[in-house]
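Residue numbering restarts at 1 for every chain, and letters A, B, ... go by the order of the sequence lines.
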Amino acid sequence: MATAILEGLNLQQQEAVEHIEGPLLIVAGPGSGKTRVITRRIAYLVKVCGVSPRRILAVTFTNKAAREMQERLFGKSEKDPGAPLLDWGMRRDLIVSTFHAFCASVLRREGEPLGLTRDFTIYDGEDQLSVVRQAMEEAELDPKQYAPRAILDTISGAKAQLIDAEGYRRLVQSHWEEIVQQVYHRYQDRLAGNQAVDFDDLLMKACLLFRDHPDVLERYQDRYLHTLIDEFQDTNLAQYELARQLAGRHRNLCVVGDPDQSIYSWRHADIRNILSFQRDFPDAKRVTLAENYRSTQVILDAAQHIIAANKERLEKSLFTRRDEGRPIVVHEAYNQDEEAQWVLQEVDRLRKEEKASLKDVAVMYRVNAQSRALEEGCLRYGVPYKLVGALRFYQRREIKDVIAYLRLLVNPQDDVSLLRVLNVPPRGIGTKTQDELVRQARDLGIPLMEALGRVSKGAQEAAFPSAGRAAMTRFYELMTALSRASQEQDLPSLIDQVVERSGYRRHILEEGKEGEERWDNVMEFRASAQEFGDLEPREALTAFLERVALVSDQDNLDETKEGITLTTLHQAKGLEFPVVFMVGMEERLLPHSRSFDDPAEMEEERRLCYVGMTRAKDRLYLVRAFRRNVMGGNQTGVPSRFLQDIPPHLILRPPPAKASAEALWDWSAAPRKEPSPKSALSVGDHVRHAKFGEGIVVNCVPSGSDHEVTVAFKGGGVKRLLLSYAPLEPVE
DNA sequence: GCCGTGTTATTTTTT
DNA sequence: ATAACACGGC
């Protein structure tokens, strides 16, 4: 049994799997088989050491990572032929969860001493911001003078350090902290009044609960004989403390991470946790996984040269047994459009000449704004693409609106959700009326929903005009009726009732074409609620809301879909592709300009670059544009300093002019090609096609004695046509 | 109370 | 360029 589980692992990996007594730090370089080690370790614990699965806790950062781990352990379904490590039946005993989901479940069960009911609501960033605004208004702070966003960031940072409002008050030392302090306690009061917690509270409150209620902690400590934390370099202090607390009894804490891939310090992740771990667990064993199974020698070598320039790091040198591989291609394009064009031409070449699949290709960039030129390029050339999580489904307005209705049914104290939908669709409850309602609720110290109830029952009639009062009564009655429905209807029908009886459906469909899209989203949302069908209505609703709050990216990995992947460097973490293009390799973009005045941030940019490069298995392209549109203006760019750090012998630099396929690999020897026959059309020309109508020439390449022109038609279609055959005529 | 115009800011965003 | 957001006029 033991041999099967250890099969195919290298010595260090085996060491990491077999060291089960006491703390363990696994430093896992990119592509070093980290997930493999974690899953095998769990299997080893269960099958060899006889540990009950319910006494193991595995924590990841993303739901995706958690799901992946589960699939590797148990297979995708009960009948999955891919040899699973553990029996399907153990699936629900073993906890593989994110920190946040784990904390949420702890707080739902144990939150009473903190004043939390089981039905508390989890606020996302948008909700948080709106509470900050309310708190600022109460504190009479001008949102123009103090950015709510910045205040929220500071509060969030404090929570990540386990500093609650009271603790913060004692620490105030600067003008800014004084301001934040004024908002912080009001912010927390409001959350408490709304029976809500934010993401940071999930961690902080769970941690404080354990600290102040040792009896509760003890129950969990006893249970978890083994604790595993993945992506340890991205933990913040609260998460580290939680891990320490949970593993406090048995001390079998295994953490896995790579300081070189820490790219979330701006989300308050703290690499120092790795150092603290070694301090707090001086007997910890440390295993370094240095063999890389992913990338070619050249790619790994280049990446190492990039990261080596960082001062703050745990030195480790990776190696691969793979061949040298192809040189890294560095290319300069004229501007971002030609950058995209060059990438796509190269993709096309790879597909034709090397039978590469589009699924093998990823294009990575620093900021989301860069995706635009790439998307447009893909549309022009008809290249299918997958855009990773640019606009998150659950954050779309229409989805959040429906969620707000649903939340209110579970937690009527949720004022943020109430204010969100009180006048959506417009039902004649304007700001004037709302303000008055808010004022009354505050004076009485009651939730808005309760205040609405009083109004509808005829109290305080003097303060409201009768139209407003009638509208509020209607709303209150609507919510009462929906609340009744939520007890007995299944989720999809409940959602139907919500959008129908509130008038929301009609409201968004009135907005024309865009509204139809929105409506489609709502219907997709409704469909996603169907899988909770086997639960009681009420349970289904709470379970659904929990998932909606804690899972943001469930659908955006359709690995089966054909197309190239467009993603930010941050989102690329944990992924791998045979072919990687990193675009925007320019100063101010890849080391981002905001990192220029802080050496620590600059090191993070370097790590980001390292993460991107090490995603590549076989081929890596580093591309930059000479000119780029930045916020309306147009600027010239300087090559990224990171490019200079790659030894020249690893790089192939095609000529700056458009490289043809042949010239790409042997350009110095290639004879200059004859100038191609002049085309009657060139890029940008307006043309008319007998069948497709008007369009613009977006590309024109010689093809034999003919020209192949690509035309984007106004009707939306993009067609490739042979000039001599296609009935095209120029239009002025 | 609603709508339109002006103003502002715009890195990354696992939860 | 763009889009969210606030303010002021109708």
Answer with yes or no after comparing the ring centroid distance for A:Phe525 and A:Phe544 against a 6.0 Å cut-off, counting only values under it.
-> yes
List, with names and distances, any nitrogen or oxygen atoms from the protein found under 3.5 Å away from nitrogen or oxygen atoms belonging to nucleotides 2-6 of chain B.
from, atom 1, to, atom 2, distance (Å)
B:dC2, OP2, A:Asn423, ND2, 3.4

In chain order, what residues pass the salt bridge (Lys or Arg N to Asp or Glu O under 4.0 Å) check against A:Lys159, with sequence neighbours excluded?
-> A:Asp198, A:Asp201
Base, sugar-phosphate alone, or nothing: which one does A:Phe99 contact when heavy atoms must sit under 4.0 Å apart?
-> nothing
Any chance the side chains of A:Glu231 and A:Gln233 put a donor and an acceptor closer than 3.5 Å?
-> yes
What residue among A:Thr60, A:Leu228, A:Leu94 forms side-chain contact (heavy atoms from CB on, under 4.5 Å) with A:Met69?
-> A:Thr60
Can you check the A:Trp266 CH2 to B:dT12 P distance for me, whole Å?
-> 8 Å
Does the side-chain ring of A:Phe61 sit on the six-membered ring of the B:dT15 base, less than 5.5 Å centre to centre and under 30° in tilt?
-> no
Pull out every protein N or O sitting under 3.5 Å from an N or O of nucleotides 2-5 of chain C, one pair per line with the distance.
from, atom 1, to, atom 2, distance (Å)
C:dT2, OP1, A:Arg372, NH2, 3.2

Nearest-Å distance for atom pair OH/P, residues A:Tyr264 and B:dT13 = 6 Å
Cation-pi check, A:Arg108 to A:Phe120: give yes when NZ or CZ is under 6.0 Å from the six-membered ring centre and within 45° of the ring axis, no otherwise.
-> yes
Measure the distance from CD on A:Gln336 to P on C:dA1 and round it to the nearest whole Å.
-> 12 Å
Among the nucleotides B:dT12, B:dT15, B:dG1, whichever has the atom closest to the side chain of A:Thr568 is B:dT12
Between A:Trp176 and A:Tyr146, what is the ring plane arrangement, given parallel below 30°, perpendicular above 60°, and tilted in between?
-> tilted
Nearest-angstrom distance from the residue atom CD1 of A:Ile263 to P of B:dT13 = 9 Å
Just the atom pairs and distances: protein N or O near nucleotides 8-11 of chain B's N or O, under 3.5 Å.
from, atom 1, to, atom 2, distance (Å)
B:dT11, OP1, A:Arg594, NE, 3.1
B:dT11, OP1, A:Arg594, NH1, 3.0
B:dT11, OP1, A:Arg594, NH2, 2.1
B:dT11, O4', A:His592, NE2, 3.4
B:dT11, O2, A:Arg366, NH1, 3.0
B:dT11, O2, A:Arg366, NH2, 2.3

Contact list for residues 590-600 of chain A, test salt bridge (charged side-chain N to carboxylate O under 4.0 Å, His left out), sequence neighbours left out = none
Let me know the distance between CD of A:Gln128 and P of B:dT15, rounded to the nearest Å.
-> 14 Å
Give a yes/no on whether any side-chain N or O of A:Gln571 is located under 4.0 angstrom from OP1 or OP2 of B:dT13.
-> yes
Kindly indicate whether a cation-pi arrangement holds for A:Arg641 with A:Phe596, taking the cut-offs as under 6.0 Å to the six-membered ring centre and within 45° of the axis.
-> yes
Whole-Å distance, A:Asn236 CG to B:dT13 C1', equals 14 Å
What is the ring orientation for A:Tyr240 with A:Phe232, classed by angle as parallel under 30°, tilted 30 to 60°, or perpendicular over 60°?
-> perpendicular
Cut-off 3.5 Å, side chains only: do A:Glu604 and A:Ser265 have a donor facing an acceptor?
-> yes
Please give, in whole Å, the distance from B:dT15 C1' to A:Ile403 CD1?
-> 14 Å
Donor-acceptor contacts, no H, no angles, side chain residues 131-141 of chain A, under 3.5 Å, sequence neighbours left out:
from, atom 1, to, atom 2, distance (Å)
A:Gln134, OE1, A:Arg190, NH1, 2.8
A:Glu138, OE1, A:Arg190, NE, 3.3
A:Glu138, OE1, A:Arg190, NH2, 3.0
A:Glu138, OE2, A:Arg186, NE, 3.4

Apply salt bridge (charged side-chain N to carboxylate O under 4.0 Å, His left out) to the pair A:Asp142 and A:Lys144, showing each step before the final yes or no.
-> CA-CA 5 Å; A:Asp142 179 4; A:Lys144 278 196 200 126; 5.6 Å; no
Base, sugar-phosphate, or nothing for A:Thr433, non-hydrogen atoms under 4.0 angstrom?
-> sugar-phosphate
Between B:dT13 atom C1' and A:Glu126 atom CD, what is the distance in whole Å?
-> 14 Å
